[in-house]
Participant: 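Questions regarding the structure given below will be posed in turn.
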Amino acid sequence: MGLLSHIMLGVSVAVLVAYFMSLKKNGGSNIVSEIRKKYDYIIVGGGSAGAVLASRLSEKDDVTVLLLEAGGEETENSLYHIPAVCFILQKTEADWGYYTEPQKFSHFGLNGNRSYWPQGKVLGGSSILNAMIYNRGSRYDYDNWASQGCTGWGYDDVLSYFLKSEDILIPTLTDSKFHNTGGYLGVSHARVTPFVDYYLKAAEELGFKIVDYNGEDFEGFAETQFTIRNGVRSSTARAFLRPAMNRPNLHVITHSRVVKVIIDRKVANGVEVIHGGRRYQIYTSKEVILSAGVIGSPQILMLSGIGPKSHLDQLGIPVIADLPVGDNLQDHLMLPVLTRVNITGSVTEKAMLSWWTSAQYYLFGTGYLSSPLVEVVAHVSTEENKEVKSAPDIQFVFLSGLPKSNDLYDVREDIMNEIHSKLPEEGFYAFVALMHPKSKGTIRLRSRDPFDPPIIDPNYLSEEEDIKTFIKGVRLLEKYIQTKTMQKIGVSFDLLNITLCGAHVFLSDAYVECYVRHMATTEYHPASTCKMGPPEDPSTVVDPQLRVKGIKGLRVVDASVMPVLTSGNTNAPTIMIAERAVDVILERN
Ligand SMILES: Cc1cc2nc3c(=O)[nH]c(=O)nc-3n(C[C@H](O)[C@H](O)[C@H](O)COP(=O)(O)OP(=O)(O)OC[C@H]3O[C@@H](n4cnc5c(N)ncnc54)[C@H](O)[C@@H]3O)c2cc1C
Ligand SMILES: *[C@@H]1O[C@H](CO)[C@@H](O)[C@H](O)[C@H]1NC(C)=O
Ligand SMILES: *[C@@H]1O[C@H](CO)[C@@H](O)[C@H](O)[C@H]1NC(C)=O
Ligand SMILES: *[C@@H]1O[C@H](CO)[C@@H](O)[C@H](O)[C@H]1NC(C)=O
């Protein structure tokens, strides 16, 4: 039993409060029991993208919108709204609970060489499970999309859609032209330890800028911005969907698993959905929009006959469109670097469980429970003397505590025991994450059964270059912990010394490679399985209007359309994609 399970006990008081906050402030729900035969728009999946789409499309009162979600309502569990408990939501009913296939080049320190992939299964989707880091990515990410033929998705095109969602609650940023107030999505800091000052001071010592990474400069170190409003998670369900829930033109049906798009002569006419053990056909007069996420959307497409021909042939699914659905899977891999410190003030188990922590959250919505604890993020480039301006390739994430848990990553017991036996009270995690992986993977169907979990193979670290970049990232972190500021608080790398890699000289390139191949795991940012781009490009699935190529009335709007993964966390970019999609769908450009 680690910190994470103990948090469960510690939040008892806070739970009651969050419960009332979530139910009272947000009005009722109009989860309908009567399904109409036909809607203008059918949205499949009420996650980060789907909840935004449903809210925005139903603003037009002359259209009817149906949102179908496989999971339940986000109001059913008050823990969904408390920032610090985000990680104990994994492996619950709000999570699809996927595992990757055993990996050939990574995950040697994880059970079965597989990693656990949580994905939200509830209104709000993965925005209910995520760590709430608000990160739009680099302007070069979007300019790169545009240069690959994603017309309309350059940075200057998408900025206004980021702004549209936002309600910046950080006083120093309210006047910035890169931020906006009054949007649905609350964005705030959640600093709860004095470690923030050390992280930033050490960065300055090394010559890094302290930036607003969602503003002018992406590169540098920063206090993290979170999708949190008054100590409560701004999930897309709570922020976007609830305010729209009473509209008569919006129907939301939970516990509804879409198994297929109904396609007749290359026109999407509706969907087939399992609800309460029965199968229904629901039709559309305009379009079906898949927002089922990076696994769900390709899965539904392939079950409907849209996907790689050879794969569909193998399963005996009649091919309607031969497209590279499920290819191009990308994810950020991150390496947990545990460090010890010789000062106090990190978030310890004891601090998290104290009555004061609960009381503070209960009374003021502040304190440890109000923060995901990843207090500082940094984006740095390992390329020296870069000629062309481009997005940084490494992200550091600093978590101000050393929670003891192996249930999260499925780390092998022998390794976990060794690490736990050395774990000090006080310290922090510095995660090193690879932003532009060269290695790509696939999503495929396991069978024709829609309830069979798809085959997820990220193929992490299959490209040698990814290891090289990781090593450079770790070298940068080594320099960082050698700064005066870090040395003064007694930071060291000694927790990285595990017997498993003992055959190599500690911290040599070979040692770091060994450590990475054993211990690096997902940063939970899979994307890009329904690639957007010019229709003539054989690697694309949707065009820049997000229409599935060759099929009328069918779009994909979620993280799976990103042609290339952004250089940061993926929730804000996904929300932006949905915001812009609405204008594209309604032809409001
Ligand atoms: C643990 C974790 C931590 C993360 N941390 C961060 C972070 O700190 N910052 C950040 O920016 N990003 C983070 N992310 C990533 C981010 O949350 C996702 O990229 C984003 O939510 C993806 O949005 P989406 O709309 O594509 O999919 P989702 O939000 O996953 O939504 C898909 C929805 O479709 C539903 N669905 C799927 N299949 C079907 C079906 N057949 N029928 C009906 N409904 C279906 C699902 O139940 C779900 O509700 C994190 C993710 C996880 C899992
Ligand atoms: C995991 O990887 C190791 C190292 O390559 C290998 O020896 C082992 O057989 C793999 N286990 C599984 C379950 O794939
Ligand atoms: C922490 O360690 C550093 C380096 O060894 C030392 O200079 C410093 O005095 C220590 N601080 C405390 C509070 O022990
Ligand atoms: C790493 O740990 C091993 C075993 O505990 C120990 O013998 C070795 O000296 C350590 N190496 C370093 C560089 O700390």
Side-chain angles (χ1 to χ4, degrees), residues 43-53 67-72 74 86-87 89-90 94-96 98 116-137 224 226-227 235-237 253-260 271 273-275 290-297 299-300 303 331-332 340-344 372 374 377 397 408 418 422 450-451 484 486-499 501-502 505-507 511 522-527 529 556-562 565-566 568-575 577-578:
I43 301 163
V44 179
S48 290
V52 174
L53 278 179
L67 176 63
L68 295 168
E69 166 55 43
E74 90 293 357
C86 54
F87 291 107
L89 303 176
Q90 293 181 23
D95 178 7
W96 287 84
Y98 291 115
Y116 185 73
W117 270 27
Q119 288 275 300
K121 187 183 188 182
V122 56
L123 284 179
S126 300
S127 79
I128 293 285
L129 300 188
N130 73 18
M132 289 153 276
I133 296 177
Y134 179 71
N135 190 336
R136 300 170 186 171
T224 310
F226 294 103
T227 44
S235 65
T236 57
I253 311 179
T254 52
H255 302 292
S256 301
R257 179 89 166 248
V258 170
V259 292
K260 196 179 168 174
V271 296
V273 55
I274 312 273
H275 177 78
L290 297 183
S291 298
V294 71
I295 300 166
S297 288
Q299 182 187 22
I300 295 167
L303 288 168
D331 189 19
H332 292 147
R340 67 172 76 244
V341 298
N342 65 1
I343 54 165
T344 57
V374 279
V377 293
V397 178
L408 263 187
E418 186 186 342
K422 292 191 284 191
F451 289 87
K484 274 199 207 109
M486 286 288 137
Q487 286 303 304
K488 221 165 54 194
I489 60 172
V491 177
S492 87
F493 259 4
D494 66 329
L495 295 171
L496 276 191
N497 183 8
I498 54 174
T499 44
C501 297
V505 176
F506 186 53
L507 293 184
Y511 187 93
T522 177
E523 198 186 5
Y524 312 113
H525 300 157
T529 50
V556 180
V557 180
D558 59 29
S560 55
V561 304
M562 295 182 191
L565 201 48
T566 55
N569 315 65
T570 42
N571 188 45
T574 305
I575 293 171
I577 287 168

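Atoms considered below: every heavy atom in the structure, side chains included; atoms not considered: hydrogens, waters and symmetry mates. Every number for a ligand or one of its atoms is a count from 1 in the order of the listing. Residues: numbered from 1 along the sequence shown. As the structure is a computational prediction, the values presented were derived from the model and not from experiment.
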Participant: For atom 9 (O) of ligand 4, what is the closest protein heavy atom, and at what distance to 0.1 Å?
Facilitator: Asn497 ND2, 4.8 Å
Participant: Would you say atom 5 (O) of ligand 4 has a protein heavy atom nearer than 4.0 Å?
Facilitator: no
Participant: Test your reading of the structure: does Lys121 have an N or O sitting under 3.5 Å from an N or O of ligand 1?
Facilitator: no
Participant: Does an N or O from Gly50, backbone or side chain, lie closer than 3.5 Å to an N or O of ligand 1?
Facilitator: no
Participant: Below 4.5 Å, heavy atoms only, C-beta onward: do Thr566 and His525 meet side chain to side chain?
Facilitator: no
Participant: Indicate yes or no for a side-chain donor-acceptor contact from Asp95 to the backbone of Gln90 under 3.5 Å, with no hydrogens or angles considered.
Facilitator: no
Participant: May I ask you to identify the nearest protein heavy atom to atom 3 (C) of ligand 3, giving residue, atom name and distance to one decimal place in Å?
Facilitator: Gln487 O, 3.4 Å
Participant: For atom 24 (P) of ligand 1, what is the nearest protein heavy atom, given as residue, atom name and distance?
Facilitator: Thr574 CG2, 3.8 Å
Participant: Relative to ligand 1, is Ser291 under 4.0 angstrom through side chain, backbone, both or neither, heavy atoms considered?
Facilitator: backbone
Participant: Is a donor on one side and an acceptor on the other found under 3.5 Å between the side chain of Thr529 and the backbone of Val294?
Facilitator: yes
Participant: Below 3.5 Å, N or O to N or O, backbone or side chain included: is there any such pair between Thr499 and ligand 4?
Facilitator: no
Participant: Of all the atoms in ligand 1, which lie at a distance below 4.0 Å from a heavy atom belonging to Gly120?
Facilitator: 46 (C), 47 (O), 48 (C), 49 (O)
Participant: Nearest protein heavy-atom contact for atom 49 (O) of ligand 1: which residue, which atom, what distance?
Facilitator: Glu69 OE1, 2.6 Å
Participant: How close do Asp494 and Lys422 get, heavy atom to heavy atom, and via which atoms?
Facilitator: O-NZ, 4.4 Å
Participant: Can you tell me if NZ on Lys488 sees more than 12 non-hydrogen neighbours from other groups inside 6.0 Å?
Facilitator: no
Participant: At what distance, to the nearest 0.5 angstrom, does CG of Asn571 lie from CE of Met132?
Facilitator: 10.0 Å
Participant: So, is Gly293 polar-close to ligand 1, with some N/O to N/O distance under 3.5 Å?
Facilitator: no
Participant: Is it the case that the side chain of His275 and the backbone of His255 share a donor-acceptor pair, with hydrogens and angles ignored and the cut-off at 3.5 Å?
Facilitator: yes
Participant: Only heavy atoms of Ala559, strictly under 4.0 Å: list the atoms of ligand 1 that pass.
Facilitator: 26 (O)
Participant: For atom 37 (C) of ligand 1, what's the nearest protein heavy-atom neighbour? Residue, atom name and distance, please.
Facilitator: Ala292 O, 3.3 Å
Participant: Which protein heavy atom lies closest to atom 13 (C) of ligand 1, and at what distance to 0.1 Å?
Facilitator: Asn130 CB, 3.5 Å
Participant: Output yes when the distance from some N or O of ligand 1 to some N or O of Leu129 is under 3.5 Å, and no in every other case.
Facilitator: no
Participant: Taking the ring of Phe506 and the ring of Tyr511, is the distance between their centroids below 6.0 Å?
Facilitator: yes
Participant: Would you say Glu69's side chain and Gly46's backbone share a donor-acceptor pair under 3.5 angstrom?
Facilitator: yes
Participant: Nearest protein heavy atom to atom 31 (O) of ligand 1, by residue and atom, and its distance?
Facilitator: Gly47 CA, 3.2 Å
Participant: Report the part of Pro450 in contact with ligand 1, treating N, CA, C, O as backbone and CB onward as side chain, heavy atoms under 4.0 Å; options are side chain, backbone, both, neither.
Facilitator: neither
Participant: Students often mix this up, so state it plainly: with edges at 30° and 60°, are the rings of Phe87 and Tyr524 parallel, tilted or perpendicular?
Facilitator: tilted
Participant: With respect to Ile133, determine whether any N or O atom, backbone or side chain, lies less than 3.5 Å from an N or O atom of ligand 1.
Facilitator: yes
Participant: Any heavy atom of Asp95 sitting closer than 4.0 Å to ligand 1?
Facilitator: no
Participant: Looking only at protein heavy atoms, which one is nearest to atom 13 (C) of ligand 4, and how far off is it?
Facilitator: Phe506 CD2, 3.4 Å
Participant: Any donor-acceptor pair under 3.5 Å linking the side chain of Arg136 with the backbone of Thr570?
Facilitator: no
Participant: Of the listed options (Asn569, Val258, Leu303, Leu123), which comes nearest to atom 10 (C) of ligand 1 when hydrogens are ignored and any heavy atom counts?
Facilitator: Asn569
Participant: Which residue and atom name correspond to the protein heavy atom nearest atom 51 (C) of ligand 1, and how close is it?
Facilitator: Tyr524 O, 3.3 Å
Participant: Examine Ala70 against ligand 1 and note whether any of their N/O atoms are separated by less than 3.5 Å.
Facilitator: yes
Participant: Under 4.0 Å from any heavy atom of Ala49, which atoms of ligand 1 are there?
Facilitator: 25 (O)
Participant: Less than 4.0 Å is my threshold; does some heavy atom of Gln90 fall inside it relative to ligand 1?
Facilitator: yes
Participant: Roughly how far apart are Trp96 CH2 and Trp117 CH2, rounded to 0.5 Å?
Facilitator: 15.0 Å
Participant: With only distance considered, is Asn571 within less than 3.5 Å of ligand 1 through an N or O on each side?
Facilitator: yes
Participant: Please write down residue, atom name and distance for the protein heavy atom closest to atom 53 (C) of ligand 1.
Facilitator: Pro118 O, 3.4 Å
Participant: Give the contacting part of His525 toward ligand 1: side chain, backbone, both or neither, where contact means a heavy-atom distance below 4.0 Å.
Facilitator: side chain
Participant: Considering all heavy atoms of both residues, which atom of Val52 and which atom of Ser48 are nearest to each other, and what is their separation?
Facilitator: CG2-O, 3.2 Å
Participant: As an exercise, state the distance from CD1 of Ile43 to CG of Leu53, rounded to the nearest 0.5 Å.
Facilitator: 5.0 Å
Participant: Can you sort out which atoms of ligand 1 are near Ser126, meaning under 4.0 Å from one of its heavy atoms?
Facilitator: 17 (O), 21 (O), 28 (P), 29 (O), 30 (O)
Participant: Applying a heavy-atom cut-off of 4.0 Å, say which part of Thr236 lies close to ligand 1: side chain, backbone, both or neither.
Facilitator: neither
Participant: Should Asp558 be counted as touching ligand 1, given the test is an N or O pair under 3.5 Å?
Facilitator: no
Participant: State the atoms of ligand 1, each with its element, that fall below the 4.0 Å cut-off from a heavy-atom position in Ser256.
Facilitator: 42 (N), 43 (C)
Participant: At a non-hydrogen distance cut-off of under 4.0 Å, which region of Trp96 contacts ligand 1 (side chain, backbone, both, or neither)?
Facilitator: side chain
Participant: Please list the nearest protein heavy atom to atom 20 (C) of ligand 1 with its residue and the distance rounded to 0.1 Å.
Facilitator: Ser48 OG, 3.5 Å
Participant: To check your reading of the model: name the closest protein heavy atom to atom 11 (N) of ligand 3, its residue, and the distance in Å.
Facilitator: Asn342 ND2, 3.0 Å
Participant: With no hydrogens and no angle check, do the side chains of Thr499 and Glu418 hold a donor and an acceptor under 3.5 Å apart?
Facilitator: yes
